[in-house]
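Contents: one structure, followed by commentary.
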Protein chains: 2
Amino acid sequence: MPDAMHSSKTRLLDAALTIIRARGYSATRIEDVCETAGVTKGSFFHHFKGKEDLAVAAAKYWSDTTGAFFDSAPYHRHEDPLERVLGYVEFRKAILTGKVQEFTCLVGTMVQETYDTHPAIRDACDASISGHAAKVEADIAAAMKQRKMQPRWTAKSLALHTQAVLQGAFILAKAKKDAAIAADSVDHLRCYIELLFAEYSEKRNLPDHR
Amino acid sequence: MPDAMHSSKTRLLDAALTIIRARGYSATRIEDVCETAGVTKGSFFHHFKGKEDLAVAAAKYWSDTTGAFFDSAPYHRHEDPLERVLGYVEFRKAILTGKVQEFTCLVGTMVQETYDTHPAIRDACDASISGHAAKVEADIAAAMKQRKMQPRWTAKSLALHTQAVLQGAFILAKAKKDAAIAADSVDHLRCYIELLFAEYSEKRNLPDHR
DNA sequence: GACAACATACCAACTAGTCGGTATGGTACT
DNA sequence: AGTACCATACCGACTAGTTGGTATGTTGTC
């Protein structure tokens, strides 16, 4: 096995992430991916069965790389699980920098085009989103348990809501060519989570501070 | 001028909405649109300069038809502007029925694929989203003024946040082939708005979580 | 030699867009 | 009224270019 970090397959996957995030799945041409990766079509079809196979592999590669990225983020160091949840949200806000295609989500982009026509890609995207949400859900559930909360909502639905806000924020950022609008929505998400937990933590005996 | 409701141009636009919402912009073939509309390619190119022109026209048509649809919705009858805002959110939740491509948003789908390559389409999508958000913003601003609120957030950012949640909820619904997950996110949005306004209505403040 | 990892050349299918043409209806002039 | 003229609406075969995929090498390594 040659250097996995810079193998042709890895370069093809990296190129796929870049191009699909900018243009979407359908508009992404295999030849463009090859050119960006610096390999030829023969090499591409050695590593992937076809375009759909690339998309599925790209979704898994995306899950793996972003998963490792978030696992190494500093917010995990908080003792309080709620601090970890809020730290996660702040971290998501902090990485809204640079060009739009550099902070938006591969699988959120792909699933829009493929959910009805490419079940394998849809499943791969769902697995990526759900897997990521599950990590957030764990911290939310821990924070709820710590406070003995029994709200009408579940940790799972709130975790998925965080993903919905982020995905929607990406769409607004694309429409407006502006990351700031996405950051505003993430601020609202943070505010919501604080309100949800404040309601239970303080039992409405809330100090005046404004 | 022939019957505008069933003219070839209108049928082409209706067909475009259906197909683009299911497959996205790039994967939509002009011939499919023509076939669904029951017209020929010659007719298509008589009415539209090309595929991009169709997409721009479809975004405007989408704004017009959905705009009229929401304008006629019953939640506008509430006297209290906050009731109108919450009524809007409930209405958005109520229409999450049927197949995914029947309740998802055309412009949210299109902008993902076109923001970087088709500025004209992106602008049309932005206009559609922003125009819709502005209507929500008006009610939010009225509710804020009524309560003499001066929060850190603005009516505009909250209105755009509602759109982000909805767009994100659509992505989750597509990934999971399930409208229920979208409804859960809209519930969280309603809960958030209630908390934001309850905070001011009931004169209670929040502790600082940082 | 066997196999993985590439490269080159090529094809078949698809598709956006073109183009010459027809049908219809309005208008203006005589 | 008749007719010449013109614009709009529409048709469908055709083209030029694109693109996913294949067939057939070549090279390096165990």
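Phosphate proximity of C:dC6 to A:Ser8: present, with a side-chain N or O under 4.0 Å from OP1 or OP2. For the pair A:Thr40 and C:dA7, the criterion of a side-chain N or O lying under 4.0 Å from OP1 or OP2 is met.
Distance NZ (B:Lys9) to C1' (D:dC11): 18 Å, rounded to an integer number of Å. Put simply, CZ on A:Phe45 is 13 Å from C1' on C:dC11, counting in whole angstrom units. Rounded to whole Å, the distance from CZ on A:Phe44 to P on D:dG21 is 8 Å.
Within residues 21-29 of chain B, the residues having any heavy atom under 4.0 Å from DNA chain C are, by residue number, B:Thr28, B:Arg29. Taking a 4.0 Å limit (strictly below) on heavy-atom distances, residues 46-56 of chain B reaches DNA chain C at B:Gly50, B:Lys51. Listed by residue number, the members of residues 31-39 of chain A with any heavy atom below 4.0 angstrom from DNA chain D form an empty set.
Remark: A:Ser43 engages no residue in a side chain to side chain donor-acceptor pair (under 3.5 Å) (not counting sequence neighbours). Listed by chain and number, the residues in a salt bridge (charged side-chain N to carboxylate O under 4.0 Å, His left out) with B:Lys9 amount to none (sequence neighbours excluded). For the ring pair (Phe, Tyr, Trp, His ring centres under 6.0 Å) test, residues two or more places apart in sequence or in another chain that qualify with B:Phe91 are B:Phe69, B:Phe70, B:Tyr75.
Within the structure, side-chain hydrogen bond (donor to acceptor under 3.5 Å, both in side chains) pairs that include any residue of residues 136-146 of chain B comprise B:Arg84-B:Asp139 (at least two apart or interchain). Applying the salt bridge (charged side-chain N to carboxylate O under 4.0 Å, His left out) test to every pair with at least one member in residues 47-71 of chain B, sequence neighbours left out, gives these pairs: B:Lys60-B:Asp64, B:Asp71-B:Lys135. Within the structure, every pair that satisfies the side-chain hydrogen bond (donor to acceptor under 3.5 Å, both in side chains) test and touches residues 88-103 of chain B, not counting sequence neighbours, is listed here: B:Tyr88-B:Arg92, B:Tyr88-B:His132, B:Tyr88-B:Gln163, B:Glu90-B:Arg190, B:Arg92-B:His132, B:Lys93-B:Asp187. The stretch residues 31-47 of chain B participates, sequence neighbours left out, in these salt bridge (charged side-chain N to carboxylate O under 4.0 Å, His left out) pairs: B:Arg29-B:Asp32, B:Glu31-B:Lys41.
Relative ring orientation between B:His188 and A:Tyr192 is described as perpendicular, the plane-to-plane angle rising above 60° on a 0-90° scale split at 30° and 60°.
Side-chain atoms of A:Tyr115 and A:Asp126 form no donor-acceptor pair, as typed in the model, at a separation below 3.5 Å. For the residue pair A:Ser130 and B:Lys176, a side-chain donor N or O sits within less than 3.5 Å of a side-chain acceptor on the partner. In this model, no donor atom of one side chain and acceptor atom of the other lie less than 3.5 Å apart for B:Ser26 and A:Ser26.
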Restricting both atoms to N or O, compile the protein contacts to nucleotides 26-30 of chain D shorter than 3.5 Å, with distance only.
none

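For A:Lys41 against C:dA7, a side-chain-to-base donor-acceptor contact under 3.5 Å is absent.
Atoms CD1 and CG, on B:Ile140 and B:Leu158 in that order, are 4.0 Å from each other to the nearest 0.5 Å.
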Donor-acceptor pairs are to be reported for all side-chain atoms of residues 116-123 of chain B against protein atoms at under 3.5 Å, with residues two or more places apart or in another chain.
unit_1	atom_1	unit_2	atom_2	d
B:Arg122	NH1	A:Ala175	O	2.8

